[in-house]
There are 2 protein chains.
Amino acid sequence: MNNTTLKTISTVLNLSISTVSRALKNHPDISEKTKKRVTELADTLDYEPNANAIQLRTSKSNLFGLVVPSISNFFYHSFISSVEEESRRNNFSLLILQSGDDPGIELSNLKLLRQNRISGLFACISTNNSNIDAYLKLKELDIPVIFFDKVPDMVNCNKVCVGDEASASIAASAILKKNRKDILALFGNKNLLITKKRLAAFIETINGKASVKIIHADNSDDAELLTTKNITGKTDTIFCMSDEILTGAMKAIQKQGLKIPADISVIAISNGFIPKLFYPEITYVETSGYKLGKLAFTGMMSCIAGSTFVQDLTTQPVLIEGGSL
Amino acid sequence: MNNTTLKTISTVLNLSISTVSRALKNHPDISEKTKKRVTELADTLDYEPNANAIQLRTSKSNLFGLVVPSISNFFYHSFISSVEEESRRNNFSLLILQSGDDPGIELSNLKLLRQNRISGLFACISTNNSNIDAYLKLKELDIPVIFFDKVPDMVNCNKVCVGDEASASIAASAILKKNRKDILALFGNKNLLITKKRLAAFIETINGKASVKIIHADNSDDAELLTTKNITGKTDTIFCMSDEILTGAMKAIQKQGLKIPADISVIAISNGFIPKLFYPEITYVETSGYKLGKLAFTGMMSCIAGSTFVQDLTTQPVLIEGGSL
DNA sequence: AAATTTACTGCAATCGTTTGCGGAATGCTT
DNA sequence: AAGCATTCCGCAAACGATTGCAGTAAATTT
């Protein structure tokens with residue numbers, strides 16, 4: 001079965017295409033009687049306007065792009081969920097693409113999005129030297145770009161991030177408040193900006209008031225191994241800078257049969273899903289992908305509305321008390 | 001800055017639009033010299049064809065739709081990730097929409113997808129009486145629909161599912177093999193087809209060879225509560241039909257300080273993420289969203305290719321041994 | 001030198017929708 | 001009865017790309 005178009009309706013009712021178009025948009029020029037005839041036929045024929053034609057005509061796409069290393073990630077899927085929700089609510093569609101941390105795929109994704117004439121882009125750059133130039137080109141085309149989470153290290157772009165310094169600092173304060181003295185602090189890959197920021201803030205807040213052993217783990221398994229290796233009888237607290245690290249550390253702790261918090265305390269930076277799987281629930285500083293998504297969307301809308309103001313926004317993390325500290 | 005079009009290039013080079021179009025497509029009618037001039041200018045002007053115009057002209061969209069209750073779910077995000085990956089690889093884009101289990105939103109999502117003239121749809125229907133008619137309408141328009149996971153209870157449609165009966169049966173067999181005698185079996189909402197299927201297969205396989213207490217929980221918290229309430233000194237095994245249920249049960253087990261597997265055994269049906277967070281890792285029957293995604297995509301491609309064969313495919317689950325049974 | 005082939009390139013219609021402009025019919029005023 | 005506003009509607013161009021057909025110039029044949 002073919003799709004019905006304005007033309008279909010117009011020929012059936014012996015009207016011109018323009019009249020049908022206007023009737024459907026409730027244009028004052030059209031009589032009520034005609035409007036009724038048109039809308040009724042449109043209804044029975046299940047008329048749906050062709051988005052491609054409209055976008056071509058108006059050169060407005062009502063389409064956002066989102067590129068991310070992987071949908072299936074501790075953090076991103078809640079971010080994506082949030083952005084999708086807002087987009088839909090505001091009559092935008094969202095084209096989601098994964099780069100798999102491959103700069104080549106990343107590039108062809110951007111190309112695809114340009115071909116689809118997106119109105120804006122949410123981007124999380126891949127860790128392996130992604131090509132920032134391609135993003136800058138979008139800006140030249142007046143397509144606003146909001147970077148999130150993994151953002152480029154340049155000033156002149158819109159970014160939304162969880163409060164990296166703040167979250168690490170809050171965690172450190174919470175530890176000090178409990179008078180802990182011997183901390184095993186697990187961080188991620190030391191080349192990532194996020195790691196650097198969290199590490200610096202953590203150290204600064206601890207400020208020598210407790211002994212801290214810094215460990216860098218590249219993934220969950222690594223974190224498990226390094227936790228097992230570096231935990232000593234004196235260690236009273238484990239800090240994990242991310243969910244991925246936390247899962248590894250928890251594995252090690254359970255393996256050794258350590259009781260939380262009697263034998264050892266745990267605190268993490270997390271969006272909250274993993275911490276709540278355990279009992280006692282792990283105390284964590286919340287960095288919500290959901291909230292970040294809302295923030296990103298707000299930023300996008302103000303860009304769309306014509307703001308040229310370059311934003312560097314940050315969500316305010318909060319401490320969620322479990323029973324692990 | 002405006003987007004460059006064929007027209008831009010044609011006026012600069014003093015050629016007709018058609019020549020430019022053909023030159024870019026390496027048409028034999030065009031001389032090498034002209035081709036070179038055109039491609040070079042297109043390159044420096046960063047020409048990208050307007051997908052809307054092409055789709056309007058060809059009435060082929062290269063766009064798939066995917067509707068799902070929520071992206072941010074134990075299972076779906078890996079399914080989505082998988083489908084996105086395959087789509088991209090096959091030069092399709094994917095429009096992902098969440099229904100939030102709201103039939104109204106679900107309907108408007110379908111409408112949106114129709115307006116975008118999608119070439120095919122992956123759909124997971126919402127639990128609250130979703131409107132199947134809207135899906136049937138797509139079929140009338142020759143838009144293939146592949147239902148996944150939560151599929152409608154009718155024969156004449158394409159479905160891909162994890163092997164519900166098989167997975168429950170495998171779990172039951174594994175329990176019997178270990179000579180367990182007193183099982184607390186936790187299932188989800190009893191109105192869901194998936195629950196019914198898993199429950200029936202589980203019971204059938206156990207076949208009276210062990211005592212089974214069936215409990216239905218609607219969510220994770222519910223599962224925790226009901227586990228605590230129904231576990232007895234005699235209970236030697238807990239079966240969880242899903243990740244959501246598993247997280248609740250694990251919470252209860254940890255709370256009571258029960259040792260796995262010394263005090264109690266645990267087995268679940270899961271995609272594997274949650275089971276691997278614990279030590280010992282939970283033994284589970286794998287129902288991979290990733291694999292299901294690949295299966296769904298294969299089905300879609302054969303529909304696109306013109307197959308009218310109605311498929312009802314099922315992934316083959318496998319038992320992954322942790323140390324919990 | 002005329003006729004025919006070959007190599008390039010342009011015209012114009014098409015996809016479905018929107019919209020400025022102008023036109024016809026009607027009713028109302030003087 | 002002539003002039004005017006009002007109401008309703010259609011023409012045609014435009015968005016950007018594709019493609020069948022036709023046209024022109026040069027190269028080749030006769």
Side-chain angles (χ1 to χ4, degrees), chain A residues 1-39 41-42 45-63 111-112 114-119 141-142, chain B residues 1-39 41-42 45-63 111-112 114-119 141-142:
Chain A
M1 191 183 121
N2 265 325
N3 266 308
T4 84
T5 68
L6 292 185
K7 196 175 183 177
T8 323
I9 300 178
S10 75
T11 53
V12 171
L13 296 181
N14 216 13
L15 290 171
S16 78
I17 294 178
S18 6
T19 301
V20 176
S21 172
R22 282 189 258 255
L24 288 173
K25 318 202 81 179
N26 206 21
H27 193 285
D29 270 6
I30 309 297
S31 70
E32 287 305 321
K33 211 173 62 183
T34 306
K35 278 182 193 166
K36 188 156 177 246
R37 289 207 307 149
V38 170
T39 49
L41 183 59
L45 291 184
D46 263 313
Y47 169 75
E48 291 291 349
N50 185 319
N52 287 313
I54 295 178
Q55 288 169 20
L56 179 59
R57 177 84 227 285
T58 61
S59 63
K60 275 292 148 210
S61 70
N62 271 256
L63 184 68
K111 197 166 160 178
L112 184 67
R114 276 188 55 194
Q115 292 178 359
N116 280 284
R117 300 294 185 265
I118 51 166
S119 311
L141 297 168
D142 293 322
Chain B
M1 191 184 121
N2 266 323
N3 265 308
T4 84
T5 68
L6 291 185
K7 195 176 185 178
T8 323
I9 299 178
S10 74
T11 52
V12 171
L13 296 182
N14 216 12
L15 291 171
S16 79
I17 293 179
S18 5
T19 302
V20 175
S21 172
R22 281 190 260 256
L24 288 173
K25 317 202 81 178
N26 206 20
H27 194 286
D29 271 5
I30 310 297
S31 69
E32 287 305 321
K33 212 172 59 183
T34 306
K35 278 182 192 166
K36 189 156 177 244
R37 288 207 307 149
V38 171
T39 49
L41 183 60
L45 290 184
D46 264 312
Y47 169 76
E48 291 290 350
N50 185 320
N52 286 314
I54 295 178
Q55 289 169 18
L56 179 59
R57 176 90 223 288
T58 62
S59 63
K60 273 294 148 209
S61 71
N62 272 258
L63 184 67
K111 198 166 160 179
L112 185 66
R114 275 187 57 193
Q115 292 178 359
N116 281 283
R117 300 295 187 265
I118 51 167
S119 311
L141 297 168
D142 294 322

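Keep in mind the model is a prediction, meaning the values are calculated, not measured. Convention: sequence-line order gives letters A, B, ...; per-chain numbering from 1.
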Requested in this report: Of all the heavy-atom pairs spanning B:N3 and B:T8, show the shortest one and how long it is.
Outcome: O-OG1, 4.4 Å
Report task. Heavy atoms of chain B, cut-off under 4.0 Å: which first and last nucleotide of DNA chain C, 5' to 3', fall inside that, if you could look? Result -> C:dC8 to C:dG16
Requested in this report: Round to the nearest Å and state the distance from A:L6 atom CG to D:dC9 atom P.
Outcome: 16 Å
Query - Listed partners of B:K111 passing salt bridge (charged side-chain N to carboxylate O under 4.0 Å, His left out), at least two apart - result: none
Report summary line: To the nearest 0.5 Å, atom CG of B:N50 lies from atom CG of A:L56 at 6.0 Å
Requested in this report: Using modelled atom types only, decide if a donor and an acceptor are shared between the side chain of B:K35 and the backbone of B:R22 within a distance under 3.5 Å.
Outcome: no
Query raised in the report: Between atom NZ of A:K60 and atom CG of B:N52, what is the distance when rounded to the nearest 0.5 Å?
Result: 12.5 Å
Report task. Give me the residues of residues 9-19 of chain B where at least one heavy atom lies under 4.0 Å from an atom of DNA chain C, by number, or none. Result -> B:N14, B:L15, B:S16, B:S18, B:T19
Query raised in the report: Using a heavy-atom distance cut-off of less than 4.0 Å, which residues of residues 49-63 of chain B contact DNA chain D?
Result: B:P49, B:N50, B:A53, B:I54, B:R57
Report task. Round to a whole Å and report the spacing from CZ of A:R37 to P of D:dC8. Result -> 14 Å
**Report entry** Pairing residues for A:R37 by the salt bridge (charged side-chain N to carboxylate O under 4.0 Å, His left out) criterion, not counting sequence neighbours
**Finding:** none
Query raised in the report: Say you draw a straight line from CD1 of B:I118 to CG of B:N62; how long is it, rounded to the nearest 0.5 Å?
Result: 12.5 Å
Report task. Go through the structure and list residues passing salt bridge (charged side-chain N to carboxylate O under 4.0 Å, His left out) with A:K7, not counting sequence neighbours. Result -> none
**Report entry** Approximate separation, where rounding is to 0.5 Å, of A:L41 CG and A:Y47 OH
**Finding:** 11.5 Å
Report summary line: CG (A:N26) and OG1 (A:T39) are apart, to the nearest 0.5 Å, by 9.0 Å
**Report entry** Contacts of type side-chain hydrogen bond (donor to acceptor under 3.5 Å, both in side chains), residue A:S21, not counting sequence neighbours
**Finding:** none
Query - Listed partners of A:R117 passing salt bridge (charged side-chain N to carboxylate O under 4.0 Å, His left out), at least two apart - result: none
Report task. Report the residues that fulfil side chain to side chain contact (heavy atoms under 4.5 Å, CB included) with A:S31, sequence neighbours left out, ordered by chain and then residue number. Result -> A:K33, A:T34
Query raised in the report: Hey, what bend do you get for the helix from C:dA1-D:dT30 to C:dT30-D:dA1 if you fit axes on five pairs at each end, rounded to 10°?
Result: 70°
Report task. Taking A:R114 for its side chain and B:D46 for its backbone only, find out whether a donor-acceptor pair lies under 3.5 Å. Result -> yes
Requested in this report: State which residues pass side chain to side chain contact (heavy atoms under 4.5 Å, CB included) with B:S59; sequence neighbours excluded, sorted by chain then number.
Outcome: none
Requested in this report: Specify the residues of residues 25-36 of chain A, ordered by number, for which at least one heavy atom lies under 4.0 angstrom from an atom of DNA chain C.
Outcome: A:K25
